[in-house]
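Below is one structure, written out as structure tokens, with a few remarks after it.
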4 protein chains.
Amino acid sequence: MTTITTQQDILDVATAEFAAHGFAGARVDEIAARTRTTKRMIYYYFASKDDLYLAVLERAYAHIRAVERDVRVAELSPADALRTIAEATYDHHTTHQEFMRLVSTENILRAQHLRRSPTILAENSSAIGVLEQVIARGVATGDFRDDVDALDVHMMISAYACFHVANRHTFDAIFGRDMLDPALQPAHRALIGDMIVATMTCRARTGG
Amino acid sequence: MTTITTQQDILDVATAEFAAHGFAGARVDEIAARTRTTKRMIYYYFASKDDLYLAVLERAYAHIRAVERDVRVAELSPADALRTIAEATYDHHTTHQEFMRLVSTENILRAQHLRRSPTILAENSSAIGVLEQVIARGVATGDFRDDVDALDVHMMISAYACFHVANRHTFDAIFGRDMLDPALQPAHRALIGDMIVATMTCRARTGG
Amino acid sequence: MTTITTQQDILDVATAEFAAHGFAGARVDEIAARTRTTKRMIYYYFASKDDLYLAVLERAYAHIRAVERDVRVAELSPADALRTIAEATYDHHTTHQEFMRLVSTENILRAQHLRRSPTILAENSSAIGVLEQVIARGVATGDFRDDVDALDVHMMISAYACFHVANRHTFDAIFGRDMLDPALQPAHRALIGDMIVATMTCRARTGG
Amino acid sequence: MTTITTQQDILDVATAEFAAHGFAGARVDEIAARTRTTKRMIYYYFASKDDLYLAVLERAYAHIRAVERDVRVAELSPADALRTIAEATYDHHTTHQEFMRLVSTENILRAQHLRRSPTILAENSSAIGVLEQVIARGVATGDFRDDVDALDVHMMISAYACFHVANRHTFDAIFGRDMLDPALQPAHRALIGDMIVATMTCRARTGG
DNA sequence: AATGAATGAGAGTTCATTCAT
DNA sequence: AATGAATGAACTCTCATTCAT
């Protein structure tokens, strides 16, 4: 009981610290200070800064995985399904900003930790299945173009959602617009749906 | 002459180092080692790691600013102009990956350096002007919807282009697809154009 | 039964670990890991790293003591008796290398543990008795010089035998000869006998 | 000027510390505390504890090498030459006890540092040359047996001299005799000469 | 008789920076 | 204008040991 709670306490604080400062910028001392335990306990439970970071990453990925798996799109039209998936991703990323910041950090590190994690790799790659089915249905009905696959769609949706969080500060600094301003949220949430549906229902211009 | 070259040498190496490891992960010693001068010279010319990083950032932003300014869209239809701008951004980001990695790093730091740089802020915010004109034309002709402004369009274009570079490693690790694979480039380049034109020419679904 | 075996298991593993890495270099965690029990049990049975080390040392000294006691030299000529004792010591040290390594380690620690052990001190100092009798016989017959006592002889024999084990690695590194190479063993075994007999049967040169 | 002195200061203190506690038992903090500089300087000059230890070892070996090289034996009879060499080794080891303690420590570490040192390996292996010439002369005159080579003789001499220092504490603890007691020194110094000359001038017993 | 969970103190090492010329 | 030598502060991590049952 105590054990589990202490580990979770460490993970919570570590998530915030790594999200706030990146891997290299995060301080084990700082994590310990914000925890109810000591630095020694971090090493007792997680062995090293790298392994702690990996544990943080795995928990964050497990969470978005659960969100993706729980989206119900079976009864929706292909277009509405796509919009629903896009909105769910947008909602997750904007309400769990630490996830995106961890992903940015992990990319700085060339995904070296992620590649070591069988769970993340297996579970998250399979999450693309729902999208594949929706697109197959849309292509079958003639609603969707057939030259853009599920991974491309996932890429566009993620790109839009990620950008709001990952580039929030530089965007705000340069243009004076905070993309995560609650007042903008409804419009941005609608726009991602429009964008993805419009893209899939238009005819490709290139090479035409 | 020699002085200028030494400074540029330092900037080149520092750009690579900061892009490779982020701000906190970058090592002044390592930068010095890869330079033809010594660590002492870095401090002589740039005063601190922070200031060196800012100089690197300013030079990187100056470059993309030049690209955006040089896009010629006056004679193109609004849709083609949009597509051209999107492709130029995509081209820049994918061929200057260090820029995106610096931007990711700067966002981890909550844009603290960028906010200190009058040049970056002034020049880059003005770069939105070209886009504003194109959209105004498209809205006037009735080709474009009028509820999405230039900043939104810039955001969508940037999101798409940035994602390819910023999230390359995690995407590749999870899905086994390298978004920067040259073989994928033509399709991805076309897709960003389709995406942005389709989005601007469709009717908004939300709230309708 | 089980208890005794567990303690012996710990002692066996600890002997190997202390012999391999010295006292300061040995790790209680490592000893525990190579044992069928846990680290907690080491403290349960041996109280501390120091006490465990002392137990290891005592067992090792008890063993060589038994060897020395069992040498049968009563019917041999003084010279042959000396040779037999020298060979027995050589055989023991070269076939129980961990003993010598423990002794080296204990000397690094200025024999601080050994001085705390009444058993080692009492039993091992009495082991010199056999040698005293042999030398007394040799001196009486006029075969041996009378200005070298049993402790000196023990010292020379031990020095030769210990050196093979204690300095094996530096000697091999510098000269490329492994003193414990089985092929060299017969010659080295003969040489220690020659050396000790020749020394005791020669006339002292010094001061003469 | 200052630099050289600081480095030597560190080396002197480190030699004492490593000799006193072995490699694993030595503390960088302790070395720093006994130095006129700080711990940081140790790392500045020597990079790591391992490298500092190697530097200590190299200097210690360089010293004995110089002693061995300076022994003048050309005009002496083979037997006297052998005795002179043996006494020189005995003198060096007993007056530079830290050397022997470092060698013991290095053997605990399986000569891992020494094997990395080209200087030690090259210079010290060549030191056997003087001994080879003396033995060749003695064999030629018929004074020496011909089945014991220079390395064997070096081994016997070293074994005797090393034992006095390396096993001093256990020997003293068990037998109550301090082998390095100045009062014993003349006898011990004579004995090593007797031992090595007697061994080389006697006829081998083995296999006879 | 036996043990899983927890830990205080200190280890070696690294980092951006400044001193002094 | 340019630089080699030096450094304080902080970092990640380890180790023998004890708490609590």
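Residue numbers begin at 1 in each chain, while the letters A, B, ... track the order of the sequences.
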Open item on the list: Determine whether C:S117 and C:T119 satisfy the following criterion, side-chain hydrogen bond (donor to acceptor under 3.5 Å, both in side chains), listing intermediate values before the conclusion.
Closed with: CA-CA 5 Å; C:S117 172; C:T119 33; 3.2 Å; yes

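Electrostatic pairing of C:R59 and C:D12 counts as a salt bridge here, judged by a charged N lying under 4.0 Å from a carboxylate O.
Across all their heavy atoms, B:A32 and B:T38 have their closest contact at CB-C, 4.0 Å. Taking each heavy atom of A:L114 and A:E106 in turn, the nearest pair found is N-OE2, 2.7 Å. Closest of all the heavy-atom pairs between C:L52 and C:I10 is CD1-CG2, 3.9 Å. Closest of all the heavy-atom pairs between B:R116 and B:L54 is NH2-CD2, 3.6 Å. Of all heavy-atom pairs spanning C:A60 and C:L102, the tightest one is CB-CD1, 3.9 Å.
We find that CZ of B:R36 is positioned 15 Å from C1' of F:dA2, with the value rounded to whole Å. In this entry the distance linking CG of B:L52 with C1' of E:dC15 reads 15 Å, nearest Å. Remark: P of F:dC13 and CZ of A:F46 are 14 Å apart, rounded to the nearest angstrom. One interatomic measurement links the two molecules: OH of B:Y44 to P of F:dA5, which rounds to 19 Å at whole-angstrom precision. Distance, B:Y53 OH to E:dA16 C1': 17 Å, rounded to whole Å. To the nearest angstrom, C1' of E:dA5 lies 8 Å from CE of A:M41.
Between D:Y61 and D:F99, the ring center distance clears the sub-6.0 Å criterion.
Side-chain atoms of B:T38 lie closest to F:dG4 of the nucleotides F:dT7, F:dG4, E:dG4.
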Task: Secondary-structure string, 5' to 3', Watson-Crick or G-U under 3.5 Å, | for another-strand partners, for DNA chain F - done: .||||||||||||||||||||

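Ring geometry, A:H113 versus A:F23: the interplanar angle falls from 30° to 60°, so the pair is classed tilted.
Contact check, B:Y45 against F:dA2: a side-chain N or O comes under 4.0 Å of OP1 or OP2.
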Open item on the list: Protein within reach of the bases, or only the backbone? For nucleotides 14-21 of chain F, mark each nucleotide 5' to 3' as B, S or -, using heavy atoms under 4.0 Å.
Closed with: BBBBBBB-

